[in-house]
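Read the structure below first, then the notes.
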Protein chains: 2
Amino acid sequence: MQTTLKKRETMHLLCAKGLEVFHAKGYHNTSLDDILKELSLSKGAFYHHFRSKEDFFINIIQNLIVQKVYALLIEPLNTHDNPLPIIAESLENALEPGKGNEMAYGFMLNDFLTEFNKRNTEISRYLKDILNVWEVNLVSVLKRGKVDGHIARHVDCEGVATYIIASYLGMRSLLMGSSNRQLKYQYIQQLKQYFKIIAEQAPVI
Amino acid sequence: MQTTLKKRETMHLLCAKGLEVFHAKGYHNTSLDDILKELSLSKGAFYHHFRSKEDFFINIIQNLIVQKVYALLIEPLNTHDNPLPIIAESLENALEPGKGNEMAYGFMLNDFLTEFNKRNTEISRYLKDILNVWEVNLVSVLKRGKVDGHIARHVDCEGVATYIIASYLGMRSLLMGSSNRQLKYQYIQQLKQYFKIIAEQAPVI
DNA sequence: AATAAAACCGACTCGGCGGTCGGTTTAAGC
DNA sequence: GCTTAAACCGACCGCCGAGTCGGTTTTATT
């Protein structure tokens, strides 16, 4: 076995468990020992692979969180169908625990954003960057929808993207881990109502 | 001077400064000494008035945060006009720093909700209760709007209230202290778009 | 088998912070 | 002015958790 493989394996173990526990209990409320105990690893092992707790979390963001957001929220947008149902579906899917989304982390971006806001500007920036990428992709798919005649011409695509993101982040706050089907259903329903305004109206004959 | 007056005065000083600093830096990231230093008070004074840091924060919630939410988001609903513009206005107002809202705390509920979620169930409950009161009031004013003919009959008032709250909480995450006029404007615009679906359509003649 | 380097161990340090407590100041009431 | 209790002070305690470091085990190479 290559040493680099062993290294990668341990680092991945640490990152995966780290994300799980950080998301369950919050970054600042989780000690390294909490994570290490679950993996039967030592402080020494940890500091052999990571420079600090902060460095560790940045690794988690770049390897795991980014990929999750891409898989759940960005890649589904790459299609040339009507974007509105696709956006709705990706959001519904991302709120659903246990699909592409095994550990019911759901979409932890909002929790971490709030936790690090005003406390760690570097980590905040990494997290905000992810949101920005999502926003850019939403805007671009909305604009394409305009060209393709699925979305009304008067629509402010940036505004719509902002509103979608805001409502989604807020839902995460409301859901709070307790996966409440009722709330989820209400959210998706209202989102679809909102999309009616955005959609190109069938021309009156 | 009554001793009870002096007591109240000091407690209020502590609570006001406490809310300010907790909101600026986060509860867990703020030490009691941070607050006490700014007021030139001592640990002894603090523990003379409050049993613990947690007890202190519960005091802040019940005295200051609850009142702020009532003043900004609930009392404005008490009118018999068309509820939709009133809701939009209250939200716009609550995002605006420096109106009824001096210290740019804005609406800190979302930050604290996320910070305490899964870490302190008692405090979480207090915060969620505030959201619930807001939701109940939104629902009731929406239902009255239906009766008064301002809101379409098909509307799911609970769903709309949920969606309004979610988008508002999410906006708070996006704004992140950095009061970005552009984002705020986009949000209010899209909210008004959304309200078009909710509103009673002028009957076609 | 010998060697070296990577991986890992765990006792320790050190600072921060919530909370305590004996003592001091302030001020109300007689 | 004396008493008494509330208000307040600040040194101190104890715990927790990030980070350190000298030593040990595992693994790859020759």
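The figures that follow rest on heavy atoms only: side chains count, while hydrogens, waters and symmetry mates do not. What you see is a predicted model, and the numbers here were worked out from it, not measured in a lab. Chain letters run A, B, ... following the sequence lines, proteins first, then strands; residues in each count from 1.
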>> Rounding to an integer number of Å, can you tell me how far Phe22(A) CZ sits from dG17(D) P?
In response: 12 Å
> Between Phe116(B) and His28(B), what is the ring plane arrangement, given parallel below 30°, perpendicular above 60°, and tilted in between?
Replying inline: tilted
> In terms of ring plane angle, is the pair Phe22(B) and Tyr27(B) parallel, tilted or perpendicular, where the classes change at 30° and 60°?
Replying inline: tilted
> OP1, OP2 of dA7(C) versus side-chain N and O of Thr10(A): anything below 4.0 Å?
Replying inline: no
> How close or far is atom P of dG10(D) from atom CZ of Phe46(B), stated in whole angstroms?
Replying inline: 17 Å
> Does any N or O in the side chain of Glu115(A) come within less than 3.5 Å of the main-chain N or O of Asp111(A), such that one atom is a donor and the other an acceptor?
Replying inline: no
>> From CG of Leu32(A) over to P of dC8(C), roughly how many Å is that when rounded to an integer?
In response: 16 Å
> Does one side chain, of Asn110(B) or Thr114(A), offer a donor that lies under 3.5 Å from an acceptor on the other?
Replying inline: no
>> Nearest heavy atom decides the nucleotide; on that basis, is Tyr47(B) or Ala45(A) closer to the 5' end of DNA chain C?
In response: Ala45(A)
> So does Lys43(B) reach the base of dG19(C) with its side chain, donor to acceptor, closer than 3.5 Å?
Replying inline: yes
>> Please determine whether a side-chain nitrogen or oxygen atom of His48(B) lies at a distance below 4.0 Å from atom OP1 or OP2 of dC8(D).
In response: no
> In whole Å, what is the span from the NZ atom of Lys37(A) to the P atom of dG10(C)?
Replying inline: 14 Å
> Which nucleotide sits closest to the side chain of His49(A): dG18(C), dA18(D), dA7(C)?
Replying inline: dA7(C)
> When the distance from NZ of Lys25(B) to C1' of dC17(C) is rounded to whole Å, what number comes out?
Replying inline: 12 Å
> Whole Å only: how far is the CG atom of Leu39(B) from the C1' atom of dC9(D)?
Replying inline: 15 Å
> Which of residues 50-63 of chain B sit near DNA chain C, with a heavy atom under 4.0 Å from it?
Replying inline: Ser52(B), Lys53(B)
> Looking at Arg125(B) and Glu122(B), does any basic side-chain N land under 4.0 Å from a carboxylate oxygen?
Replying inline: no
>> Judged by each residue's nearest nucleotide on DNA chain D, which is more toward the 5′ side, Ser42(B) or Asn29(A)?
In response: Ser42(B)
> What class does the angle between the rings of Phe57(B) and Phe112(B) fall in, given that below 30° is parallel, 30 to 60° is tilted and above 60° is perpendicular?
Replying inline: perpendicular
> Roughly, in whole Å, what's the span from CG in Asp33(A) to P in dC9(C)?
Replying inline: 12 Å
>> Under a 4.0 Å threshold between the charged nitrogen and the carboxylate oxygen, would Glu158(B) count as salt-bridged to Lys143(B)?
In response: yes
>> Whole angstroms only, please: what is the CG-C1' distance between Leu36(A) and dC8(C)?
In response: 11 Å
